[in-house]
Amino acid sequence: MDRLEAIFSVIPECEVLADVGCDHGKLTRRVALSGRAKKVIATDISQACLNKAMELNADLDNVEYSVGDGLKALQGKKCDVVVLSGMGGNTMISILSEAPDATLVLQPQSDVPLLRGFLVDNGYRIVRDFVIFDDGFYYDVMLVQKGDMVLDDMQRLFGAYYKEPNAELKSKLEILVKKLKTYKATEKNLYIINSALEALRWQE
Ligand SMILES: C[S@@+](CC[C@H](N)C(=O)[O-])C[C@H]1O[C@@H](n2cnc3c(N)ncnc32)[C@H](O)[C@@H]1O
């Protein structure tokens, strides 16, 4: 599945969506053209990246642009949905520390267990959480809302809904086990191998 389409698939209908770290602006364009959000605020920490989004979407009149670090670029403007995609989980945690009052759509590139832990420890509930495969890479996609949720270690590692059938999660776990078995048998590696094997039992 195409990564940006997978992200788009979980975006709810809303008034204002912020595409924070929009870079090329392709997701901004998809959302603005679809009408799923009436208005999109496209932001990036880099003016050069934002310029790409401005160029791509010059024909659209329901997109606003703002340069800045994380949510500061929104300058207090109310958004119903905030999308953070294609950046590291640690960067997302730092951005989300400003506690936006919005539904979140997240596609982290790294530190995903850490991000899941941060979310549930900070008043969020993970509503959707699934793996997709696009162009040789696995990606996690999440829809997150304000609320309460408790995650065990397995859920933090492999996804809040790792027990649900997901062919991409299954192949990701199989590859992970195969790879880790070639590594040194440290306590941490053995723990992850055994946890992944346990998660795979739900995917049989
Ligand atoms: C790899 S691109 C991902 C672009 C797009 N969101 C996607 O999913 O394809 C990451 C973008 O996040 C931007 N970025 C990184 N840290 C940021 C921050 N703290 N605030 C806003 N944008 C940030 C980068 O400048 C870059 O354009």
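Note that ligands are numbered from 1 as they come in the structure, with each ligand's atoms numbered from 1 the same way.
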What part of R3 sits under 4.0 Å from ligand 1 if we count only heavy atoms: the side chain, the backbone, both or neither? side chain

Contact between ligand 1 and L27 is defined here as a heavy atom of the residue under 4.0 Å from a ligand atom; is it met? no

For G70, the ligand 1 atoms whose distance to one of its heavy atoms is below 4.0 Å: 18 (C), 19 (N), 20 (N), 21 (C)

In terms of residue, atom name and distance, what is the protein heavy atom nearest to atom 2 (S) of ligand 1? D23 OD2, 3.7 Å

Is it true that a side-chain atom of S171 and a backbone atom of A167 form a donor plus acceptor pair closer than 3.5 Å? yes

Between K39 and E64 (salt bridge meaning N to carboxylate O under 4.0 Å), is one present in this structure? yes

How does I95 reach ligand 1, by side chain, by backbone, by both or by neither, if only non-hydrogen atoms under 4.0 Å count? side chain

I'd like to know whether ligand 1 has D44 as a neighbour, heavy-atom separation below 4.0 Å. yes

Would Q107 count as a polar contact of ligand 1, with the cut-off being nitrogen or oxygen pairs under 3.5 Å? no

So Y139 and S85, side chain to side chain donor-acceptor pair (under 3.5 Å) or not? Walk me through it. CA-CA 10 Å; Y139 299 99; S85 69; over 6 Å; no

Taking non-hydrogen atoms only, is C49 closer than 4.0 angstrom to ligand 1 via side chain, backbone, both or neither? side chain

Quick check: T91 and ligand 1, any N/O pair under 3.5 Å apart? no

Checking a contact table here: which protein heavy atom is nearest atom 10 (C) of ligand 1, and how many Å away? G86 O, 3.8 Å

Within reach of ligand 1, part of I7 (heavy-atom separation under 4.0 Å): neither

Check each atom of ligand 1 against the heavy atoms of M87 and keep those under 4.0 Å away; list them by number with element. 12 (O)

Can you give me every donor-acceptor pair (side chain of residues 21-36, partner residue at least two apart or in another chain, under 3.5 Å) with its distance?
unit_1	atom_1	unit_2	atom_2	d
D23	OD1	K52	NZ	2.7
H24	ND1	K26	N	3.1
T28	OG1	D19	OD2	2.7
R29	NH1	L56	O	3.0
R29	NH1	N57	OD1	3.2
R29	NH1	D59	OD1	3.0
R29	NH2	D59	OD2	3.0
R30	NE	E5	OE2	2.5
R30	NH2	E5	OE1	3.3
S34	OG	R30	O	3.4
S34	OG	V31	O	2.8
S34	OG	R36	N	2.9
R36	NH1	F8	O	2.7
R36	NH1	I11	O	3.1

Which pairs pass salt bridge (Lys or Arg N to Asp or Glu O under 4.0 Å) with one or both residues in residues 127-136, sequence neighbours excluded? R116-D129

Does any N/O atom on H24 come nearer than 3.5 Å to any N/O atom on ligand 1? yes

Full working for salt bridge (charged side-chain N to carboxylate O under 4.0 Å, His left out) between K170 and E174: CA-CA 6 Å; K170 183 171 189 267; E174 285 166 349; 3.3 Å; yes

Hphob cluster co-occupancy, L104 + L71, side-chain heavy atoms under 4.5 angstrom: yes

re atom 21 (C) of ligand 1, the protein heavy-atom contact at minimum distance is I45 N, 3.4 Å

Using a 3.5 Å distance criterion without hydrogens, assess whether the side chain of N166 forms a donor-acceptor pair with backbone atoms of L169. yes

If we only consider heavy atoms of G68, is any one of them less than 4.0 Å away from an atom in ligand 1? yes

According to a hydrophobic-cluster definition based on side-chain heavy atoms being under 4.5 Å apart (Ile, Leu, Val, Met, Phe, Trp, Tyr only), do L106 and I41 belong together? yes

Within 45° cone of F133 ring axis and under 6.0 Å: K172 NZ or CZ: no

If you scan protein heavy atoms around atom 8 (O) of ligand 1, the nearest is S85 OG, 2.6 Å

If you count heavy atoms of other groups shown closer than 6.0 angstrom to NZ of K188, is the number above 12? no

With only distance considered, is S46 within less than 3.5 Å of ligand 1 through an N or O on each side? no

D69 heavy atoms within 4.0 Å reach ligand 1 at atoms 18 (C), 19 (N), 20 (N)

Show your reasoning for whether side chain to side chain donor-acceptor pair (under 3.5 Å) applies to Q47 and N51. CA-CA 6 Å; Q47 184 64 57; N51 289 346; 2.8 Å; yes

Which residue supplies the protein heavy atom nearest to atom 11 (C) of ligand 1, what is that atom called, and how far is it? G21 O, 3.6 Å

